[in-house]
Amino acid sequence: MRHSYTRAVRMAGVVAAAALLAAACSSSKKASSNGGGTSGGGSPTNTLASQCGTSDPITLTVGLFGTFGFKEAGLYNAYHQLCPNITIKEDDVEQSADYWTKLKTRLASGSGLDDVQGIEIGFVADVEQNHADQFVNFSSLPETAQLKSTFYDWKWNLATSHDGKTVGLGTDIGPEAICYRSDLYKQAGLPYQPDQVAAKLTTWNDFINFGKQYEASSSKEANSHFVDSAASIFSTAVYQGNEAYNKADGTPDVENSDGVKNAWQYATQAAQAKITAGLQQFSDQWNKAFQSGAFATIACPAWMAGYIKGQAGDAYKGKWNIAPVLPGGATNWGGSWVGVPTSAKHKEAGIKFVEWVTAPAQQETWFTKVGNFPSSKTADQSPSIQNHMDTYFSNAPSGKIFTDIAGKMKIPPIGLYDTQIQNAFTTQLTNVETRGTSPEKAFNDALKAIQQVTG
Amino acid sequence: MTLTTTTTPGDTTQPVSPGRAAARRRRRRIRPGGRAAYAYVAPFFIVFAAFSLYPWINTAWVSLHDVRLTTYNKQKWVGFANYHNLFTNDFFWNAFKNTITIGIISTVPQLCMALGIAHLLNYRLRGRTFFRISLLMPYATSLAAATVIFVQLFNKDTGFINWFLHGIFRLPLIDWQNNKWASQIAVSSIVTWRWTGYNALIYLAAMQTIDNTLYEAAAIDGASRWKQFLHVTIPGIRPTIIFTIIVSTIGATQLFGEPLLYEPQGLPIGGTGRQYQTLGLLMYEQGWTNDRLGLASATAWTMFVIIVIAVLINLWLARRREKWTGSRNVIPVTAIERQEAAT
Amino acid sequence: MTATTVEARRAAPAQRKRNAKGHVGGRSMKAGWVTYLIIAIVTLVSVWPLYYTIVMSSHTNAELNAKTPPLLPTGSVWHNIKEALNTAPMTQGLINSVIVSTCVTIGTVAFCTLAGFAFAKLRFRFSAALLAFTIGTMMVPMQMGIIPLYMLMAKWHLVGHLQSVILPTLVTAFGVFFMRQYIATAVPDELVEAAFVDGASTFRIFLAVVVPAARPAMAVLAMLTFLMSWNDFFWPIIALNSQNPTVQVAFQGLAKGYAPQQSIIMAGILYGTIPVLIVFALLGRQIVGGIMQGAIKG
């Protein structure tokens, strides 16, 4: 027995020595290959390390939900060309709600996080209020000023906590315009060219009046209404006030909010004037309505254009158009960021990737390939976006339209429960539209539901 | 394995001294058991203790706190405030009532149909295996895909069901989403579709234990197929029926997948008026959508109490039913009794 | 005379006794056309959504939204399945799901049959209380337990590994309860006692008496457990990553962009479901057909 023990120890020693030798050899090999390299500038390994965050061959894990489109835009391959030592593996959860549950669980336990994590506008307030310490602070890096200058200010600020910690860099945004069926407007005898329409829809009152005209038209399409839902009016208008669902310090405040008051008023007015189709957004019926013409108008963030194209199909190409206006003023729907958890296995590499993928050049690429609208104001000024015409939407200059709106946006303070509060209101608006619930009762029911959320 | 026709304690073929016989009697128990039995149930309890007990207890603990997943490490003790919130909460009582009504509509017809289908599949059929496999198709079909189809079927204006009812039977167009009873029937039909085959398969397996000679004996006595079903099949699988009643009651009380996906926007509110929000959905909404883990945990434990009561009620009803119909186990089903009856 | 009648009955099982009304009994009954009709309707209703999944996976969103939606699949199914395979790690998900579901099934059937036998046929102290406790564990909704369970798995460094998905469902109260009820009916007490009196050990009784009698139930439990494990998604999404997914987790990678194509998603779901059906179809004869001819009594 003692013999086998000694033998084992000897074997272990040999193995260990061999390992050390191999390690020394490989590193010295690297050194020797670098040694004879270029005189000026760093060795290839050092460039790799500074550009990619590391020169070691690693797998970078990127945790995202459905809407990013990095892979489809070919960005992972492009990055691999740039940093051949880095292989990117995407970790997907389709619905952002499920993704957020998974992210919260991992943040709570402090383990299992990916190197890069996507953050959606629905929960960015939560991340920067409750988890800013668990993410790399992009406001504390040497390159911060340079990074910050490429993004819209409001986009940068949404991901920044009160004490100045920025949890992620912006990917896409959703500046809103009005998408409409120009053929249905024409059929109803209303002005249908984008600029004419824009002139008619400058305020919500104008919008509602225009809608009434549409409904009253004798030649309009049967079973067609002006707008898809009161909810879409509400969700747009609520962000056009000084407050939406929160006070300036981020605490929820619904009853004193001017945004909520005005939005509710316009939405219920529209519902009671019966200019809405009473549909629930993203439901099966709503998807079908893009073809059936059940509604002719919709508040349209930049990403909705691609959605409409997918649901309506080629048969409706050229029948849709984009009016360069948003009643009540410029605002935003949707958008995301990407951040790097401080517990990431490859933090430096993660930071470098995030900075690269949100750089203006890459944002242009994904707009062109996938249609997500850049949050980089630098990218938005580029010719490829400024001159972009959407052939599906009757050659509307969508790049310019959405860029103009993006530049004018003011976003009220966001808070922890915005998504749930909004759902409470939009649910009740559907009741006003389809069940004849009175606006007062609907508002109170919404408040009751909100109480359950805020506690 | 040979069957001995009679077993009386102390029956041996060899004469033994009285002392030895007594000793053997003492050693022998009527049924096997003893400490070895614990080894058989140990795997279940070990796995349970490791992976379910701790979460179980943790859920109870969390229900006494105000906890959000996003601030998980900052739990605030609130005692029974969550439970108090629940019981004074309209949403809870609404969900409670909905759970009862949806539970009954989705469970009772389902189990009856499952029994009937299993009985039919027990016959000599061509393609028996194919039909039996197809029983599991609904359970194997992705619930998300299936619900898309059902939502379309139940659409008020364009759905097949309204086309059928309105077009053929001249019924008014039923709003299967907004109308409370219609929506609950729609959700129940999805549940029934999904789980009938599942239960039918369980009954079918149980029916294999019923001796065929019993059917033949009943047939000789002049029993129609229906009578055979009532007096041979059902009593013969009583323990399994009780099992499915208990399991279905538990499933009905915890129901959440089908009503979640039936909602047009996939929100866990059970319709814009919460007309089909079940307790399971409410718990999901509280815990995951609203991030109120303490409240959701309180709902979970309240559901536990409700389930226990519901199961006890169902068992009591099952006992009463058999008292009324008198179909207590008069048909000999154990092999011994059969043998004795045959001789 | 009795003997010959009995032997005649045994020798010619096809010969069925008919009573005056012409009714026959039980499993040897031939099904009438009413039976076939009912079964056909039930089968159609059961299979329709699966069929429609195939239809949905061969049409674009726009085609599915048309006023008259399509009812027949087209050849693009194959293209879409290939698309789905390129988009998400479907094959790896399939393999992992097979591993997970098989382990869970074997574990569940083995452990639950043992425990079910113990509760049904063995006598030991507290058996009633333990059984009630076991059934009681089914009654607590485990959804809220996901968070502490995740933290447990994180502590044991099992997050992202298949064990984190296999271990928690290795034994279910459902299985124990199910086997207990079945064994209570299928295995006569006297049989067990007789074997015990004859000197067989408890385990031998289990293997030689109980298991053969319980095979139909074990088969059913195996199928149900396999499917349940295959379809489980809430916990696997939390515990696993796209790097090491089960098939339900792999589905998550199919919906791309703001306007996901339903056809790709459905094609992926098909890819993830059809193998299960094929396995059941192939093994079905074995499991369902053969064993369910009826355990021969006596």
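Computation of the quantities below employed the complete heavy-atom set of this structure, encompassing side-chain atoms and omitting hydrogens, waters and symmetry-equivalent molecules. None of these values were measured; they are calculated from a predicted model. Below, read A as the first sequence line, B as the second, and so on, with proteins coming before strands; counting in each chain starts at 1.
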Q. For chain A, which of C/Ala255, C/Gly253, C/Gly257 has the most heavy-atom pairs under 4.5 Å?
A. C/Gly257
Q: Measure across A/Gln291 and C/Ala62 and return the closest heavy-atom pair with its distance rounded to 0.1 Å.
A: NE2-O, 2.5 Å
Q | C/Asn86 portion near chain A, given a 4.5 angstrom heavy-atom threshold | A | backbone
Q. Would one find more than 12 heavy atoms of other residues, nucleotides or ligands at under 6.0 Å from atom OH of A/Tyr316?
A. yes
Q | Rounded distance (nearest 0.5 Å) linking atom CG of A/Asp91 with atom CG of C/Asn241 | A | 4.0 Å
Q | Residue C/Leu254 versus chain A: region with a heavy atom under 4.5 Å | A | neither
(Q) Can you tell me if A/Asp314 has over 12 outside heavy atoms packed within less than 6.0 Å of its CG? (A) no
Q: Determine the option with the most heavy-atom pairs under 4.5 angstrom with chain A, choosing from C/Thr60, C/Asn65, C/Ile147, C/Ile265.
A: C/Asn65
Q: Kindly indicate, with the supporting measurements, whether the criterion side chain to side chain donor-acceptor pair (under 3.5 Å) is fulfilled by A/Asp92 and C/Gln252.
A: CA-CA 6 Å; A/Asp92 280 309; C/Gln252 298 294 308; over 6 Å; no
Q: Could you have a look at A/Gln95, A/Lys71, A/Met304, A/Lys104 and say which one has the most heavy-atom pairs with chain C under 4.5 angstrom?
A: A/Lys71
Q. What distance do C/His157 atom NE2 and A/Ser111 atom OG have between them, rounded to the nearest 0.5 Å?
A. 8.0 Å
Q. Side chain, backbone, both or neither: which part of C/Leu64 has an atom under 4.5 Å from a heavy atom of chain A?
A. backbone
Q: Please look at C/Ala250 and chain A and tell me whether the side chain, the backbone, both or neither of the residue comes under 4.5 angstrom of a heavy atom of that chain.
A: neither
Q. For atom NZ of A/Lys347, is the number of surrounding heavy atoms from other residues, nucleotides or ligands below 6.0 Å larger than 12?
A. no
Q | Spacing of C/Ile238 atom CD1 and A/Ser109 atom OG [to the nearest 0.5 Å] | A | 11.0 Å
Q. If every non-hydrogen atom of C/Ile237 is compared with every non-hydrogen atom of A/Arg106, which pair is closest and at what distance?
A. O-NH2, 4.5 Å
Q) Is the closest basic N to carboxylate O distance between C/Lys256 and A/Glu94 below 4.0 Å? A) no
(Q) Quick check on A/Val93 against chain C: is it the side chain, the backbone, both or neither that has a heavy atom closer than 4.5 Å? (A) both
Q) How long is the gap from NZ on A/Lys89 to OG on C/Ser242, to the nearest 0.5 Å? A) 10.5 Å
Q. For A/Lys102 and C/Leu240, which heavy atoms make the closest approach, and how far apart are they?
A. NZ-O, 2.9 Å
Q: Give the intermediate values and the outcome of side chain to side chain donor-acceptor pair (under 3.5 Å) for residues A/Tyr307 and C/Asn61.
A: CA-CA 10 Å; A/Tyr307 191 90; C/Asn61 286 359; over 6 Å; no
Q.
For the CD atom of A/Gln311 and the CD atom of C/Gln262, what is their distance to the nearest 0.5 Å?
A. 8.0 Å
**Q.** Straight-line distance of A/Phe68 CZ to C/Tyr258 OH, nearest 0.5 Å
**A.** 7.5 Å
**Q.** A/Ala108 versus C/Met151, closest heavy-atom pair with distance
**A.** CB-CE, 3.7 Å
